[in-house]
Amino acid sequence: MSLDETAIKVLDVYAAEAIPDAALVAIEAMLGSGDLFRYTAAKDAPVALLEAEFAALLGAKYALAVASCSAALFLSLKALDLPRGARVLIPAFTFAAVPSAVVHADCLPVLVEVGSNYRVDMADFAAKLDDSIAAVLISHMRGHTSDMDAIMALCDARGIPVIEDAAHSLGTTWKGQNIGTIGKIGCFSFQSYKLVNAGEGGILITDDPELAARCIIMSGAYEENWKKHPGLQNSFGHWQNRLPLYNMRMANLSAAVIRPQLPEIAGRVTKGRANHDHVADALNTCAWLDVPPTLPGEARAPDSIQFNLVGDWSDDQARAFQAGARTRGVAVQIFGLSEGNARAFWNWQFLGDMPDQPLTRAMLMRACDVRLPTRLSQGDLDFIAGALVQAATDVMAQPA
Ligand SMILES: *Cc1c(COP(=O)(O)O)cnc(C)c1O
């Protein structure tokens with residue numbers, strides 16, 4: 001294969017997961033009947049079946065499918081019934097949708113530092129978790145799990161509820177427990193660049209019947225549509241008409257696209273982990289690149305790789321590395337160096353003036369991001385790793 005052919009193939013890392021053929025049968029039946037709304041059928045609507053299957057898969061009591069993970073995060077915060085302006089601790093390394101969900105819920109995001117291993121800095125977390133904090137939203141950014149034992153111990157001691165943003169963590173475990181089942185509510189995304197691809201979509205899981213009932217009603221289970229959700233009848237009866245209806249429901253079409261992908265999750269996790277570890281091993285042989293190790297107890301489900309430029313890199317050298325990798329057919333994002341990046345906290349101007357997060361800023365200026373979709377072959381992976389190592393060596397081996 002010529003360099004050009006390989007380059008074109010590897011550049012296609014942005015294509016999403018293909019949808020299994022089984023989805024077509026369900027969608028065709030739906031188009032014939034026009035039954036697209038989750039609450040039309042008396043029972044067994046695709047969205048309801050998805051909720052039952054997802055709850056069973058993750059080992060949670062209740063699941064609620066919604067329009068996006070952002071909607072799930074918003075509803076979770078609303079369900080906690082926090083006072084207007086409540087302070088919610090979130091990691092400073094996450095996607096802009098996360099502070100946005102906090103703002104949407106009339107709360108105030110408080111940023112906590114994230115270290116060079118992409119995980120919450122526990123010293124800063126402990127320092128900022130004071131009496132002014134009403135809730136904690138842990139965003140497992142790019143599927144990196146922070147020290148959930150330490151976080152839960154500190155929050156439990158203060159009675160502070162924890163919500164998990166597990167948008168990108170489907171299939172990740174912490175000491176054998178599914179990510180998204182550790183906090184009070186776990187939220188997942190079915191947006192195209194996540195492990196399960198529905199274009200858009202989200203789901204939240206919880207074992208708390210009161211939180212589940214409040215989320216379900218606020219998602220748009222108007223009048224007595226809540227009767228189509230299993231269990232919870234007393235909680236619903238209490239909350240009906242006392243909560244706003246935000247209408248963030250999932251449509252049956254999305255559920256039909258998602259359900260046939262659920263049996264594929266385990267395989268995607270295994271392949272994604274193997275792909276990631278293969279490239280990580282190759283990058284770690286290079287003195288200028290470092291893939292930080294996972295925390296003990298964490299089993300990851302990555303569909304991308306993050307690594308740091310280590311040693312004495314200037315911004316210009318980092319940009320030259322990026323350009324060199326691109327010439328070799330690999331697109332690298334350096335979170336802090338691309339203009340207007342939605343994962344760099346200083347671009348969240350909608351928050352107004354926020355204190356700087358120097359640790360997170362330093363990480364973002366040297367942290368690189370490359371997608372590794374599960375469909376990549378061993379040859380593709382070697383091509384990507386080779387291009388990255390060569391691009392780094394080209395820049396850093398030059399005399400200053
Ligand atoms: C994708 C993502 C979100 C947002 O998910 P949507 O379904 O697009 O709203 C939030 N947090 C993280 C960590 C994500 O990766």
Side-chain angles (χ1 to χ4, degrees), residues 14 16-17 47 50 54 63-78 88-105 109 111-112 114 118-120 136-146 148 151 162-172 174 179-180 182-183 185-205 215 219 246-251 254-255 257-258 261 268 272 276 298 300-306 333 335 341-345 347-348 350 360 363-364 367 369-373:
Y14 290 98
E17 293 284 354
V47 178
L50 167 65
F54 196 85
L64 171 67
V66 289
S68 66
C69 181
S70 298
L73 295 170
F74 164 78
L75 291 169
S76 302
L77 290 165
K78 279 294 183 190
V88 176
L89 209 54
I90 66 167
F93 175 42
T94 185
F95 188 60
V98 176
S100 303
V102 176
V103 170
H104 190 190
L111 305 187
V112 63
V114 170
Y118 321 125
R119 288 154 178 97
V120 168
V136 167
L137 200 176
I138 293 298
S139 190
H140 304 291
M141 184 53 171
R142 286 292 190 270
H144 295 287
T145 308
S146 295
M148 289 310 289
I151 288 169
V162 175
I163 293 169
E164 285 182 88
D165 168 16
H168 221 146
S169 294
L170 186 53
T172 304
W174 174 256
I179 285 301
I182 299 173
I185 305 180
C187 302
F188 297 83
S189 176
F190 300 124
Q191 185 268 342
S192 284
Y193 291 158
K194 312 299 158 100
L195 200 67
V196 170
N197 167 24
E200 303 286 356
I203 197 163
L204 64 85
I205 54 172
C215 287
S219 78
Y246 293 106
N247 278 13
M248 295 175 155
R249 296 173 299 253
M250 178 181 280
S254 302
V257 170
I258 294 164
Q261 295 182 65
R268 290 179 188 176
H276 173 277
E298 180 190 3
R300 304 197 61 226
D303 59 7
S304 63
I305 189 164
Q306 290 71 46
Q333 154 174 247
F335 296 109
N341 194 300
R343 300 147 203 91
F345 63 85
N347 289 324
W348 304 338
F350 53 87
T360 312
M363 177 274 284
L364 289 168
D369 183 41
V370 175
R371 260 177 64 77
L372 296 176

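Here the structure is a predicted model, which means the values were calculated and not measured. First listed ligand is number 1; within each ligand, the first listed atom is number 1.
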Going by the closest heavy atom to atom 14 (C) of ligand 1, which one wins out of H168, M141, K194, E200? K194
C187 near ligand 1, heavy-atom distance under 4.0 Å? no
For the residue pair F93 and Y118, categorise the inter-ring angle as parallel (less than 30°), tilted (30 to 60°) or perpendicular (more than 60°). tilted
Side-chain donor-acceptor contact under 3.5 Å, D369 with Q333: yes
Any N or O of L73 closer than 3.5 Å to N or O of ligand 1: no
Determine the interplanar angle of the F74 and H104 rings, folded into 0 to 90°, and report it as parallel if under 30°, tilted if 30 to 60°, perpendicular if over 60°. parallel
Kindly indicate whether the side chain of I182, heavy atoms from C-beta on, has any atom under 4.5 Å from the side chain of V162. no
Does an N or O anywhere in Q191 fall below 3.5 Å from an N or O of ligand 1? no
What do the steps show when you test S76 against C187 for side chain to side chain contact (heavy atoms under 4.5 Å, CB included), and what is the final call? CA-CA 8 Å; S76 302; C187 302; 3.4 Å; yes
pair N197-Q261: side-chain heavy atoms closer than 4.5 Å: yes
Interfacing atoms of ligand 1 (cut-off 4.0 Å, heavy-atom, S68): 7 (O), 9 (O)
For atom 5 (O) of ligand 1, grab the closest protein heavy atom and report residue, atom and distance to one decimal in Å. C69 CB, 3.3 Å
Element-labelled atoms of ligand 1 that are located less than 4.0 Å from some non-hydrogen atom of G201: 7 (O)
Using heavy-atom distances, let me know which of S139, G143, A97, S189 sits nearest atom 6 (P) of ligand 1. S189
Does either side chain, that of D303 or that of H168, offer a donor lying less than 3.5 Å from an acceptor on the other one? yes
Which atoms from ligand 1 have a heavy atom of A167 less than 4.0 Å away? 2 (C), 3 (C), 10 (C), 11 (N), 12 (C), 14 (C), 15 (O)
Output, in order, the C-alpha distance, side-chain angles, deciding distance and verdict of side chain to side chain contact (heavy atoms under 4.5 Å, CB included) for R249 and V47. CA-CA 9 Å; R249 296 173 299 253; V47 178; over 6 Å; no
shortest atom 13 (C) of ligand 1-to-protein heavy-atom contact is with D165 OD2, 3.3 Å
Is R142 near ligand 1, meaning one of its heavy atoms is under 4.0 Å from it? no
Who's the nearest protein heavy-atom neighbour of atom 9 (O) of ligand 1, and how far? S70 OG, 2.6 Å
Can you check side chain to side chain donor-acceptor pair (under 3.5 Å) on E298 and T145, steps first, answer last? CA-CA 7 Å; E298 180 190 3; T145 308; 3.1 Å; yes
Counting only heavy atoms closer than 4.0 Å, does ligand 1 sit against the backbone of V98, its side chain, both, or neither? side chain
